[in-house]
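Working notes, structure below.
Start at 1 and go down the list; that is how both ligands and their atoms are numbered. Note that the numbering runs from 1 along the sequence shown for the chain. None of these values were measured; they are calculated from a predicted model.
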Amino acid sequence: MQRVESYTAGAWRRPSGEGRPLRDAATGRVVAELAPAGADVAAAAEYGRTVGGPALRELTFHQRAAILRDAGRLLLADQAKEQLYDLSYCTGATRSDSWIDIEGGAGVLLSYAGKARRELPNSRVAVDGAIEALSRDDSFSAAHLLTPRKGVEVQINAFNFPVWGMLEKLAPAFIAGVPSVVKPASPTAYLAEAAVRLIIESGLLPEGSMQLLCASPPELDSLLDCLGGQDSIAFTGSAATAAALRAHPAVTARAARLNVEADSLNAAVLAPGAAPGTAEFDLFTAEVVTEMTAKAGQKCTAIRRALVPERHLDAAAEALAEALRAVAVGDPRDRSTGMGPLVGLAQRDEVAASVAALREAAVPVADSCDLSGVDPVAGAFMAPTLLQATDPRSETVHTTEAFGPVSTLVPYGSIDEAVELVAAGGGSLVASVYGADRDEITDLALGIASHHGRVLIVDQAMAPASTGHGSPLPPLVHGGPGRAGGGQEMGGMRGVHAHMQRTAVQGSPDMLTAVTGEHVDGSVTREHKGHPFKLTFDELEVGDSITTGSRTVTRADIAAFAESTGDKFYAHMDDEAAARSPIFNGLVAHGYLVLSFAAGLFVWPDEGPVLANYGIDRLRFAKPTYPGDEIHAVLTCKRKRKLDGRGYGEVAWDTRVANQHGEVNAAYDVLTMVANAPGVDGAPEASGDG
Ligand code: NAP
């Protein structure tokens, strides 16, 4: 018999105590046995802090990203993936349900790996936002520094997405440099274990950066008991468990950070103009059916309430009932099955109890299916169940979460009423609105936004590309206010920042340059005797600077630029019109002319380490440039970004173009690719003939 093991403090641990069977959702066959971990549960947190944390903090953001990328690829390799699919069937998930969990989970790792390389520096700290100048003379400034918390993140996961739910929490914590201790939900712990085993045995992750702890309360309490202010708990599950965690002394007394993703009665709203026969009406019915049946409705984001205008109620009920009748409920291993069983008999009983409660305020529209091909006693099968609210304002309809293939149609009169009814859910993860009328959709979307973490607007234009109502995406925030838990996960770098301490570091510009690794205004620069564009990436230092010679901008230059580019905006062509402008004193040079002349002043013409200028950041034309102005440029190496193995790195140059009075006409960051010395870290060797 397979026993679910834990991986803590560097070793797999097989529990020895009495266990309980975990059964195949469709057949009732025992898949694995789960017993209390028995291991020194509290030691997992300490191991994460003392072994995993330091190992992660040794790495730069880009090095962590490369590990996540490799881990994602590893899980997507055929053999690994199919092993997980085989186990996933046992949880009741069909192939497409499992795709969301397994390949969706690996996709989160890849997405974070890519975003971290693009959006974070190749260093161990990040600066959040711009430097704040705190004195007029630039001698006292502040940077908001992001550094990893020196604790662990304890994940407490729900049963429904044992792989995705774990990886979507792991990715941002890992990129931030914070180790994770994963506590999977009991019913599907064997699948989480298999995924963790693949990752751990690959040897990709630094030791201690990911542990698996298959412990439930009360054993779990000894882990929570040792959490403090540098630690966090990321919880996904029911509101009742969330309430217990909120009251735990780790949170109330020791300020461990708690993020909650809990129950959510998500809504889909058909706009008044989306009448039967329109594309948006069909998109609405298709999405409600998908959300009711994918993962047998055991999705935190599933549509629980389908709001339709009163006049379209009958048509919507009819269309939905017909589509639900066509859903084949059966064995998840059978590719023709549209919906598998729930995760287990206990879950089915819970959903049945919730449906019974809902039926006090709603009548059934569809609640039967053909189960002839399966064992309906041993398997946790259930018909997709669509109800129709008898009283749209009934509290029961808006507060009873049936965590299965269940949804309730709710009629509404006006858009204001629809907004009110959606809000009666007390805050949700996601809502979708369907329609082609921009005014209706704007009123709906803005009306319900305050109660949601995500709003999906569905019309014909986006439908082919849409990822759907139920899919949280790594670059977008996942989480909702109120009943949904008030938490927030993923959201690209927002999720990474959540694991880091934001510290306002105040000091002199020189000290801030040293601490942040980026040139801060007012700090010492080194005027370069030659030209810094002749230095290789490694030779170049933050603060290296050059002040160019100057050139005068003439009327003839402006006229020629207007002629050759076709930019004949009146302020460059007509003295009197320009003078009438509240902004200019007379004819002015094009901003792009100033930039071009500046490039002409600072560019080093010969072949050299600067490979390309790939863009400009933060461009501002601070003061107009008038004919006769004599401009020069000052370039300072502001930031270097090492790109491992590419042969070059990125260098941002703080650039100021100023006139003869010292007034800055234009300020911007020039972004360049600068080659390493020949043969260094991917750069080609020097050719032999030189
Ligand atoms: P649950 O009973 O609250 O369990 C969730 C997790 O909490 C499991 O790992 C569970 O462990 C653990 N747990 C239970 N009691 C605990 C305690 N006293 N202290 C610490 N941990 C404890 O939820 P569920 O019934 O499995 O999951 C379904 C619920 O999750 C639904 O309400 C659904 O809406 C919600 N959900 C929300 C999201 C979201 O992203 N917002 C996603 C998925 C699910 P054991 O399994 O070992 O008991």
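- The single protein non-hydrogen atom nearest to atom 21 (N) of ligand 1 is Leu220 CD2, 3.5 Å, given as residue, atom name and distance.
- Side-chain polar atoms of Glu103 and Tyr85 form a donor-acceptor pair below 3.5 angstrom.
- The aromatic rings of Trp164 and Phe161 sit perpendicular, their planes meeting at an angle over 60°, well past the 30° parallel limit.
- Ranking the protein heavy atoms by distance from atom 26 (O) of ligand 1 puts Phe159 CD2, 3.3 Å first.
- Note on ligand 1: Ala484 sits outside its first shell, no heavy atom being nearer than 4.0 Å.
- One side chain, Ser186 or Arg20, offers a donor N or O that lies under 3.5 Å from an acceptor on the other.
- Checking side-chain atoms of Ser180 against main-chain N and O of Val182 turns up no donor-acceptor pair under 3.5 Å.
- Looking at Thr236 next to ligand 1, no N or O pair under 3.5 Å apart turns up.
- Under the rule for a ring-ring contact (aromatic ring centres under 6.0 Å, His included), Trp99 has no partner lying at least two apart in sequence or in another chain.
- Heavy atoms of His478 approach ligand 1 to within less than 4.0 angstrom.
- Residue contacts with ligand 1, taken as heavy atom pairs separated by less than 4.0 Å, involve Glu401 solely via side-chain atoms from C-beta onward.
- Polar contact check, Asn157 against ligand 1: a nitrogen or oxygen pair lies under 3.5 Å apart.
- A search for side-chain hydrogen bond (donor to acceptor under 3.5 Å, both in side chains) contacts involving Glu291 returns Lys299, not counting sequence neighbours.
- Among Leu56, Val496, Leu109, the single residue meeting the side chain to side chain contact (heavy atoms under 4.5 Å, CB included) criterion with Ile175 is Val496.
- Polar contact with ligand 1: present for Asp263 (N/O pair, distance under 3.5 Å).
- Residue contacts with ligand 1 include Phe235, since one or more of its heavy atoms lies under 4.0 Å from the ligand.
- With respect to atom 16 (C) of ligand 1, the closest heavy atom belonging to the protein is Thr241 CG2, 3.2 Å.
- Within the 4.0 Å heavy-atom criterion, the part of Asn160 lying near ligand 1 is the side chain and not the backbone.
- Of the listed options Pro184, Ala158, Ser238, Ser238 places a heavy atom closest to atom 23 (O) of ligand 1.
- Under 3.5 Å, the side chains of Gln155 and Glu168 contain no donor-acceptor pair of N or O atoms.
- Judged by distance alone, with hydrogens and angles left aside, the side-chain atoms of Arg304 form no donor-acceptor pair with the main-chain N or O of Glu401 at under 3.5 Å.
- Of all atoms in ligand 1, numbered sequentially from 1 with element shown, those under 4.0 Å from a heavy atom of Ala185 are 8 (C), 9 (O), 46 (O).
- Here the heavy atom of the protein found nearest to atom 39 (C) of ligand 1 is Cys300 CB, 3.2 Å.
- Of the possible donor and acceptor atoms, one in the side chain of Glu287 sits under 3.5 Å from a partner among the backbone N and O of His469.
- The closest approach between Ala262 and ligand 1 falls below 4.0 Å for a heavy atom of the residue.
- Looking at Gln211, its side chain does come within 3.5 Å of a backbone N or O of Ala9 through a donor-acceptor pair.
- Note on ring orientation: taking the six-membered ring where Trp is involved, the planes of Tyr7 and Trp12 are tilted (angle from 30° to 60°).
- Scanning all protein heavy atoms for the shortest distance to atom 45 (P) of ligand 1 gives Ser186 OG, 3.5 Å.
- Here the protein heavy atom with the shortest distance to atom 11 (O) of ligand 1 is Lys183 NZ, 3.1 Å.
- With atom 47 (O) of ligand 1 as the reference point, the heavy atom nearest to it among Pro217, Ala242, Ser216 is part of Ser216.
- The protein atom (non-hydrogen) at minimum distance from atom 33 (C) of ligand 1 is Phe403 CE1, 3.2 Å.
- In terms of protein heavy-atom proximity, atom 12 (C) of ligand 1 is nearest to Ile156 CG2, 3.6 Å.
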